[in-house]
Amino acid sequence: MTRYSAAEIEPKWQEAWDEAGIFQARRDEAKPKYYVLEMFPYPSGRIHIGHVRNYTMGDVVARYKRATGHNVLHPMGFDAFGMPAENAAMANGGHPKDWTYSNIDTMVGQMKPLGFSLDWTRMFATCDPEYYGQQQALFLDFLEKGLVYRKNAVVNWDPVDMTVLANEQVEDGRGWRSGALVERRELTQWFFKISDYSDELLSALDTLDQWPAKVKTMQANWIGKSRGLQFAFGLIDAPHGFDRVEVYTTRPDTLMGASFVGISPDHPLAKELEKANPEVAAFCEKARQGGTTEEAIEKAEKLGFDTGLKVRHPFDTAWELPVYIANFILMDYGTGAIFGCPGHDERDHEFATKYGLPIIDTFLPVDGDHDIQSAPFVPAKSEKVRYTRLIAGAEIQTGEEAVNAAVDFCEKNGVGHGVTKFRLRDWGLSRQRYWGCPIPVVHCDACGVVPEKKENLPVQLPDDVSFDIPGNPLDRHPTWRDCACPSCGAPAKRETDTMDTFVDSSWYFARFTAPRADTPTVKEDAEYWMNVDQYIGGIEHAILHLLYSRFFARAMHITGHLPDSAKEPFDALFTQGMVTHAIYQTKGKDGRPVYHYPEDVDLRDGKGFLTDGTEVEIIPSAKMSKSKNNVVDPVAIISQYGADTARWFVLSDSPPERDVEWTAAGAEAASKHLARVWRLAAELDDTPENEAEDTALLREMHKAINDVTGGIDSFGFNASIAKLYGFTNTIAKSKAGAVAKRMALKTLAQLMSPMTPHLSEEVWAILGGEGLIAEAPWPVADEVMLVDDTVTLPIQVNGKRRGEITVPKDMDKAEVEKLALADEGVLRTLDGAQPKKVIVVPGRIVNVVM
RNA sequence: GCCUGCGUGGUGGAAUGGUAGACACAGGAGACUUAAAAUCUCUAGGCCGAAAGGCCGUGCCGGUUCGAAUCCGGCCGCAGGUACCA
């Protein structure tokens, strides 16, 4: 070989690793274990550059940990259930199963050439009956322990297609296929009791010291612990059985600013009024229109309906407040009823202004005024304010203090009681869809809801289904539903709801420890491999997936499937940024957006055109998403430059946690650099030794070991790569002898090996390294070689740099000050003036203040 | 709407209280070559200046500090999440 050829060396070394079987994980008590896991992909069809970035990061960690003596588990699988497979079946015919497994084949075929150090023998897809059967077993165990139950909850209902829609399928309040106005409709659904663990899931965040602070903050806010007052307003002239309206408020201190009571359209009182009053019924119907997302509800126009009913204010029985039905109050939150305080709440202010309700202040800025009529006064709860209509506590106090005082006061006076509530709701897992894990229960006329027997698991999905009409094919399957009641044996019907795909991804990390076992986990394997030492995935999973997994680990512990120590299953978390790309969109005949692949769009002068000349609308920087067609296929880069170049390239430049707008500029340069490293090794001559040059090179080598290792340890792969560029330049320019250079190059190959494993093996072999570099121990920096004797200090005058001095590392402050004041640039700037003060920060800087 | 981040040259980015722009891309100049490719060398934030040097500069406005890209307050823009996309 006369030049670097990725095509020649990469398959060769992949074979060598395979033959040595070094990536197959086996329990070995003699070594510390290390479990590194990247969030497994959805099999959308082809891998995209974001996957390459994600899995390369994981592979760097896996290879580095292997080199530092760890017994590494690094598995891969597929999150294979979900809507896109059904959408594909609807759009193009075919079966979700075929579509999914064929995608998995393609993606595995694309991943293997990248040379990831994965234990492929552990691979599974969540749609394998072997996997989801064990998930059904978990479900039954959870059910037995009271962790699962049924209740009503709202879904997006498409009244034309007569089907439940996912939030994604609701566009501007209308069904994506029918175009009909979506309504919120109640359905009986299965729930996990995650809310029982709210407090624990919140407080345990403090123990996750290797998680990003932002993820913990997001989860804490999501769980949303609040202290408030629950009390009842007495209704005047209420319908029979409705003499009270129970409300919950986090701001009881503003009770004297109340101007109305609002109830949800799904509140029992609203439903009662609806029966007798067609006007109420019409309003409630309108109020139920639109999707179920928090965003849709919050952003919708605030609508209210005055029921004509009044309640008495608890502290002034002569004070009557009107009762409104309002579309922004959800039955799922709190009690489904609120009191409105327009003076100190944006939403209530908007509502009061619209319906001409009074706006009353209860507190104002400590010194100053605030025009409460034109805008609400909403300071942070921690800020001190001056109360004008005080319930309890000091006149001037923080909102927080006032809330506590008000709760105490109300309790003493028999107006309700203080309660702690959480925003976190129970996890609805029912999906009215085919391509998911069947919920293993049976509905029997005599026995009710009966769990399926474990020996009958898995409850398998039937293959003979069609997607030509909307709705759940399991509901209309002629025979699949029919079964015998596991309890009494009478004919019964299977549950046709399947599980949310978040269930599938909430325990796959545990399954990887024993992927073929005939129980969900195996004690010895779970105890040995858990926890995941390093979990790596997208920030988009910061809340739901991670919170659900934390709950699941607890539930699996309770049901005996995970040890107590695995209740927090991910020791360290790293959230890598997303790879974003512009979306190219045109409008179809029906006015709906049509998305175009980047490779089909010509960019000229900031505008994009299709091959037929049509201009496309460019939506900048969005998460790569199959449904938006803004994905970039890495195959072109891999086939042109090889896997190592692709790996090196996705790690260079951008810090791993940051989002990157994808651009292929620079792949060429990455490839050139790898070729250069290869050439340095291949063309190593036999220059005789030269002590000064050799030592200088070896010093740089130890610094490189130190810096590159530090970069990998802290997920600063871009920083490691910058150092590796620098070290390569140093070697190339060095006049050192062949012995020192060989040592430096072998070290360079090792330091690069987590990123560019194939090239590193090749260079290692060329230089006569022993065995596989993948099995060589990681180099260790010699502390002595890292220390420089002198240091260059910048000298500032009034914070502006005017010169620099080079001094011995440990020179004392007074001496440094003297030299600094003698500096030419300093003297020129001082221009004879006496410095007022000189600040010397040893080893860092000198600042002269004049 | 709400929660969480992010914003630095033509571009990706470095610097987490101490020399702003490391390293790299694109650019410019040059060497080698008949030529090209490959490789190598130099250059490079903006403005003024022949140079020495000076002034300005990290989304915008203000503050703290001897010193702020970094800390604090307000604003603008972008991204992620918002419980049925995964």
Side-chain angles (χ1 to χ4, degrees), chain A residues 3 39 41-42 44 79 81-84 87 155-156 164-170 212-215 217-222 224 291-300 328 332 346-347 423-433 500-502 504-505 538-545 547-548 575 577-578 580 620-623 625-627 652-655 657-661 663 665-670 672-673 675-676 679 718-719 721-726 729 732 792-796 798-804 825 828 836-839 841 843-850:
Chain A
R3 48 185 288 186
M39 290 179 186
Y42 179 79
S44 54
D79 188 13
F81 275 135
M83 262 194 347
N87 293 340
V155 294
N156 301 304
V164 176
L165 298 179
N167 288 332
E168 193 187 46
Q169 298 171 320
V170 179
K214 64 179 168 185
V215 173
T217 308
M218 281 190 258
Q219 292 215 357
N221 290 339
W222 184 263
T292 57
T293 66
E294 194 193 3
E295 184 188 6
I297 290 161
E298 283 288 333
K299 281 190 174 167
F328 56 86
D332 286 354
E346 293 280 354
R347 192 179 59 187
R423 204 186 78 101
L424 180 65
R425 309 199 298 259
D426 276 333
W427 171 9
L429 68 125
S430 288
R431 295 294 180 270
Q432 293 71 42
R433 269 185 262 290
D500 176 10
T501 56
F502 273 124
D504 312 336
S505 55
I539 186 68
E540 68 269 31
H541 295 295
I543 299 175
L544 293 179
H545 162 61
L547 192 63
Y548 289 155
T575 53
M578 278 168 301
T580 62
S621 286
K623 170 173 87 159
S625 160
K626 174 83 178 161
S627 62
S652 0
D653 295 349
S654 285
E657 68 278 10
R658 199 180 296 186
D659 291 348
V660 286
E661 172 72 14
T663 145
E668 179 80 30
K672 280 182 186 173
H673 178 258
R676 189 177 186 215
R679 220 167 35 243
N718 57 322
I721 284 184
K723 295 292 177 194
L724 286 165
Y725 271 114
N729 283 334
T792 300
L793 298 178
I795 305 163
Q796 298 180 331
N798 285 348
K800 281 186 199 287
R801 184 181 175 281
R802 298 297 176 184
E804 64 177 37
R828 188 172 46 231
K836 279 191 198 132
K837 191 156 67 156
V838 179
I839 292 151
V841 184
R844 298 311 291 260
I845 203 164
V846 180
N847 193 8
V848 179
V849 186
M850 66 180 279

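Letters A, B, ... are given to chains in the order of the sequence lines, protein chains preceding strands, and every chain is numbered from 1. Side chains are part of it too, since the values below use all heavy atoms of this structure and drop only hydrogens, waters and symmetry mates. Only a predicted model underlies this, so the values are computations on that prediction, with no experimental measurement involved.
The base of G12(B) sits with one of its N or O atoms less than 3.5 Å from a complementary donor or acceptor on the side chain of Asp653(A). For C66(B), the base has a donor-acceptor partner in the side chain of Asn847(A) [N/O atoms by modelled type, under 3.5 angstrom].
The heavy-atom pair separating Asn167(A) from Thr292(A) by the smallest distance is OD1-OG1, 3.1 Å.
Rounded to the nearest Å, the gap between the P atom of G18(B) and that of C25(B) is 28 Å. For the P atom pair drawn from G74(B) and G67(B), the interatomic distance equals 24 Å after rounding to whole Å. U4(B) sits 22 Å from U8(B) when the P atoms are compared, rounded to a whole Å. Comparing the same atom, C1', in A50(B) and in G54(B) gives a spacing of 15 Å after rounding to whole Å. With both ends at atom C1', the span from C55(B) to C61(B) equals 22 Å, rounded to whole Å. Nucleotides A69(B) and G57(B) place their P atoms 10 Å apart, quoted to the nearest Å. Nucleotides G9(B) and U70(B) have their P atoms positioned 14 Å apart, rounded to a whole Å. The separation of A29(B) from G80(B), taken at their P atoms, amounts to 41 Å, rounded to a whole angstrom.
Pair assignment for G57(B): none, as no Watson-Crick or G-U wobble contacts are both less than 3.5 Å. Base-pair partner of C6(B): G77(B) (Watson-Crick or G-U wobble, both distances under 3.5 Å). Of the nucleotides present, none pairs with C85(B) by Watson-Crick or G-U wobble criteria with both distances under 3.5 Å. Base-pair partner of A68(B): not found among the strands shown (Watson-Crick or G-U wobble, both distances under 3.5 Å). Across all strands shown, A24(B) forms a Watson-Crick or G-U wobble pair with U11(B), both key distances being under 3.5 Å. With a cut-off of 3.5 Å on both Watson-Crick or G-U wobble distances, the partner of G49(B) is given as none. Pairing for U39(B) goes to A31(B), judged as Watson-Crick or G-U wobble with the two contacts each under 3.5 Å. In this structure, U19(B) forms no base pair with any nucleotide, since neither Watson-Crick nor G-U wobble geometry is met with both distances under 3.5 Å.
Within 4.0 Å of Pro41(A), counting heavy atoms only, lies no atom of the nucleic acid at all. Looking at heavy-atom distances under 4.0 Å, Ala669(A) makes contact with sugar-phosphate atoms alone, never a base. Across all strands shown, Arg844(A) has heavy atoms under 4.0 Å from sugar-phosphate atoms exclusively, and none from any base. Within the nucleic acid shown, Val164(A) comes within 4.0 Å of at least one base atom, counting heavy atoms only. Contacts of Gly428(A) with the nucleic acid, taken as non-hydrogen atoms under 4.0 Å apart, involve only primed sugar atoms and P, OP1 or OP2. Residue contacts shown for Asn798(A) are absent, as no nucleic acid heavy atom lies under 4.0 Å away.
With sequence neighbours excluded, no residue forms a salt bridge (Lys or Arg N to Asp or Glu O under 4.0 Å) with Asp504(A). Residues passing the salt bridge (Lys or Arg N to Asp or Glu O under 4.0 Å) test with Glu657(A): none are found, sequence neighbours excluded.
The nearest heavy atom of RNA chain B to Arg423(A) and to Ala213(A) marks one nucleotide each, and the one closer to the 5' end goes with Ala213(A).
Glycosidic conformation of G9(B): syn, with the torsion inside 90° of 0.
The backbone N or O of Trp222(A) lies less than 3.5 Å from a partner atom in the side chain of Arg423(A), making a donor-acceptor pair. The backbone N or O of Gly577(A) lies less than 3.5 Å from no partner atom in the side chain of Asp659(A), so there is not a single donor-acceptor pair.
The listed nucleotides are C55(B), C23(B), G18(B); the one nearest the side chain of Ile845(A) is G18(B). Listed candidates were G80(B), A86(B), U4(B). Nearest to the side chain of Pro84(A) is A86(B).
Rounded to whole Å, atom P of C6(B) lies 10 Å from atom CD1 of Ile539(A). Regarding Arg3(A), its CZ atom lies at a distance of 9 Å from the C1' atom of A37(B), rounded to whole Å.
Ring orientation note: the planes of Tyr548(A) and Phe502(A) are nearly perpendicular, at an angle over 60° on the 30°/60° scale.
Put simply, Thr501(A) has a side-chain N or O that comes within less than 4.0 Å of OP1 or OP2 on A86(B). Using a 4.0 Å cut-off, some side-chain N or O of Lys800(A) falls inside it from OP1 or OP2 of C56(B).
In this structure, Arg347(A) and Glu298(A) have side chains that are in contact, with non-hydrogen atoms separated by less than 4.5 Å.
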